[in-house]
Amino acid sequence: MAGLRSGPPQPCGCAHRRGRAQRRRAPTIRPAPGLRQSRGWQSARAGNRYQEPRASAGALGGTPIHSLRCLPQVHLQPHTRARPSGLVSACPRPPPDIPSSAGIRYNTRIYRGARLAVTDWVCPPTQEVRPLAKQDKQFVKEITPQSEDFSRWYIDVIRKADLMDYAPVRGCIVFKPDGYELWEGCQRELDRRFKETGHRNAYFPLFIPESFFQKEKEHVEGFNPELPWVTEAGGEKLEERLAVRPTSETIIGHMYAQWIQSYRDLPVLINQWANVVRWEKRTLPFLRTSEFLWQEGHTAHATAEEAEAETRQMLDVYTDFVESVLAIPVFRGQKTPSEKFAGAVSTYSLEAMMKDGKALQAATSHYLGQNFAKGFDITFVDRDNTLKHVYTTSWGLSTRILGALIMVHGDDRGLQLPPKIAPTQVIIIPIGPQKERERVVAHATDCLKRLQCAGFRVRMDAREDFSPGWKFNEYEMRGIPVRLEIGPRDIDSGQVVLVRRDTGEKLVIPEAQLLQQLPELLDGIQRDMFAAAKAFQEAHSYVAHSLDELSEIITNQRGFVLAGWCGDDACERAVKDACGATSRNIPFDPPTRLDNCAVCGKPAAHSVWYAKAY
RNA sequence: CGGAGCAUAGCGCAGCUUGGUAGCGCGCCUGCCUUGGGAGCAGGAGGUCGUGGGUUCAAAUCCCGCUGCUCCGACCA
């Protein structure tokens, strides 16, 4: 850290390089490479969850800081590096109600080969709206515009927003704190939902004996090419090589075989948070890395019906999480046989549409039937005193979802985070001349503490060595949903300025109403971000009746195309060969029914979403 | 794993064709000055040019290998 460097540079006696041109400042605004917070970063976090503020927190008024007993004292001094800690658990409160995405409904109409149209658009209540200053100016110059090169944009954003760094091992990344916090948010929300549906966490080994993979034929064929092997340890060659897990069906199956004896032991409902490794040929940060983080649920049931219900239930859990927390609309459906998980009877998926029109599988849930039960001899004695194989499921969601989060909501200014997942929901920026500074920072700190105490995730940037304008751009790039500006004029008139990241709208509200209005504002942003993503998804969803039509849309329009499918692998393959799109899934509730296979013209067994995929 | 491109200071790049002293902008450090959309002035620090070999009196520069990243294709969450 620069802040730890010692003293001013010492003049050295040796012949130092000379002749550097005199430094000239460019007249234009320049970016801040590195985005380091070198010092004086006065910030603190509140509780993990975005919640309705407590009524008892009171209105923002003249209550002195020290009267808020629930917070430790925070000393704000310029150039301190201390981060106030202990604020995290300052205000314990019950879990929030996460409204289901079912609350938002959209009416769609389908045209032949045409776009799906959105007719409902929810706007949050707004107060006074001031125009965004110099709105058309491109501030974040180091981010390639999406329209120019989407891939480049993606890489630029994740690096500038400081989410990750490349690791020295090929295809591996470091999740930096700002990126890892997003994953922690996913864990928090998902874990709660898993537990609410009766699951418990456990942890299984990273290493899997080679012989385990042989027990399920499809499984071994599916994963063999991408397994890393441990062949030597402790200076000796191993008798049996160990795979670094690509997924844990096998080793968990092995354990379940020992744990399950009777129908009374069922169901087994276990989830594991873990890292897994798949040696990928082509890697992309978050989307495809050699090692990635995920959760994998593994359950065992007495009947097929129960296992199938579990499979579908977890898909619902994922849907709720992805749509209501991440504000990413998804297409739900079943994978075609060629796209299903190696070893599964059936695979279900959520497919999300990125802003370049490509698909990203957001989560999967597999009904494994008795495939693994037979491979690993997982049996139980049923009520009728007969020995039976169990029925298993597995379901997973990985850090890949962060790539979706970025590519669904991000824009040319950088990241854009939905309030429910944003590690920081509100950034407070005190503004004012030197002589007013003490007063402004004290007031802003007061505001910070009230918001934190009310359960919001808030930070303040009171650094003096960055201009307000710089900070505005900085936090927009980092995707923080709401910026709160406090300056002398605001204090004098008892107001604060709130600025939305998603629309750029400025709202000036009385400070006394902040605690009442902020939840509405955050909810509004959450809703609008989902609605915007939904509108985009529907605007880029098409229906095709022939391979030519399908191909033309994929090539020229980008997006998802719904087409009839007879069920033959060859027809699916033909689509891929024609335009590079693969079948994403067979939707549960297709927006329209198609009578004939788009490729061969035979009666269609299903309607399938096709798209180019990540 | 095939095809292409890139690798020089924290970041973005020039220098390479035609071998000979390591350069620019931003950032960083010090001081002053400033703060409602990326301010200004002055001074300063920082690079064995990805890595290993070769050619040469001499290599960032020429040649070969390796590694990593990016893009395009085949495989996948």
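From a predicted model like this one, the values you see are computed outputs, not experimental measurements. Lettering follows sequence order; numbering is per chain, from 1. These values consider heavy atoms only, across backbone and side chains, with no hydrogens, waters or symmetry-generated copies.
Here the separation of G2(B) from U21(B), taken at their C1' atoms, is 44 Å to the nearest Å. Comparing the same atom, P, in C64(B) and in C6(B) gives a spacing of 14 Å after rounding to whole Å. A distance of about 27 Å separates the P atoms of C24(B) and U18(B), rounded to the whole Å. Between G19(B) and C63(B), the two P atoms lie 12 Å apart (nearest whole Å). The separation of A7(B) from A60(B), taken at their P atoms, amounts to 15 Å, rounded to a whole angstrom. Going from the P atom of C11(B) to that of G54(B) covers 30 Å, rounded to whole Å.
Geometrically, Arg278(A) engages Trp294(A) in a cation-pi contact defined by less than 6.0 Å to the ring centre and at most 45° from the axis. A cation-pi contact, defined as under 6.0 Å to the ring centre and within 45° of the axis, is absent between Arg400(A) and Phe292(A). Remark: Lys358(A) qualifies as a cation-pi partner of Tyr614(A) under the 6.0 Å distance and 45° angle criteria applied to the six-membered ring.
If you take CG on Leu360(A) and CZ on Phe286(A), they are separated by 13.0 Å, rounding to the nearest 0.5 Å.
In this structure U30(B) sits in a base pair with A42(B), meeting the Watson-Crick or G-U test at under 3.5 Å. Across all strands shown, G36(B) has no partner, as no Watson-Crick or G-U wobble contact with both distances under 3.5 Å is found.
The Tyr166(A) side chain lies nearest to C69(B) when the options are G37(B), A77(B), C69(B). In this structure, of A74(B), U35(B), U70(B), it is U70(B) that holds the atom nearest to the side chain of Thr283(A). Out of A77(B), G68(B), G36(B), the shortest distance to the side chain of Arg170(A) is found at G68(B). Set against U35(B), G38(B), C75(B), the side chain of Glu280(A) has C75(B) as its closest nucleotide. In this structure, the nucleotide among C75(B), G37(B), A77(B) sitting nearest to the side chain of Phe292(A) is A77(B). Among the nucleotides C72(B), A77(B), U35(B), the one closest to the side chain of Pro433(A) is U35(B). Distances from the side chain of Lys506(A) to the nucleotides C72(B), G38(B), G37(B) place G37(B) closest. Set against A74(B), G37(B), A77(B), the side chain of Thr289(A) has A77(B) as its closest nucleotide.
In the interface, the side chain of Arg282(A) is not paired with the base of G2(B) through any donor and acceptor atom under 3.5 Å apart. No donor-acceptor contact under 3.5 Å links the side chain of Glu476(A) to the base of G38(B).
Whole-Å rounding puts the Lys160(A) NZ to G38(B) P distance at 19 Å.
Ring centroids of Tyr367(A) and Tyr348(A) are separated by 6.0 Å or more, keeping the two rings apart.
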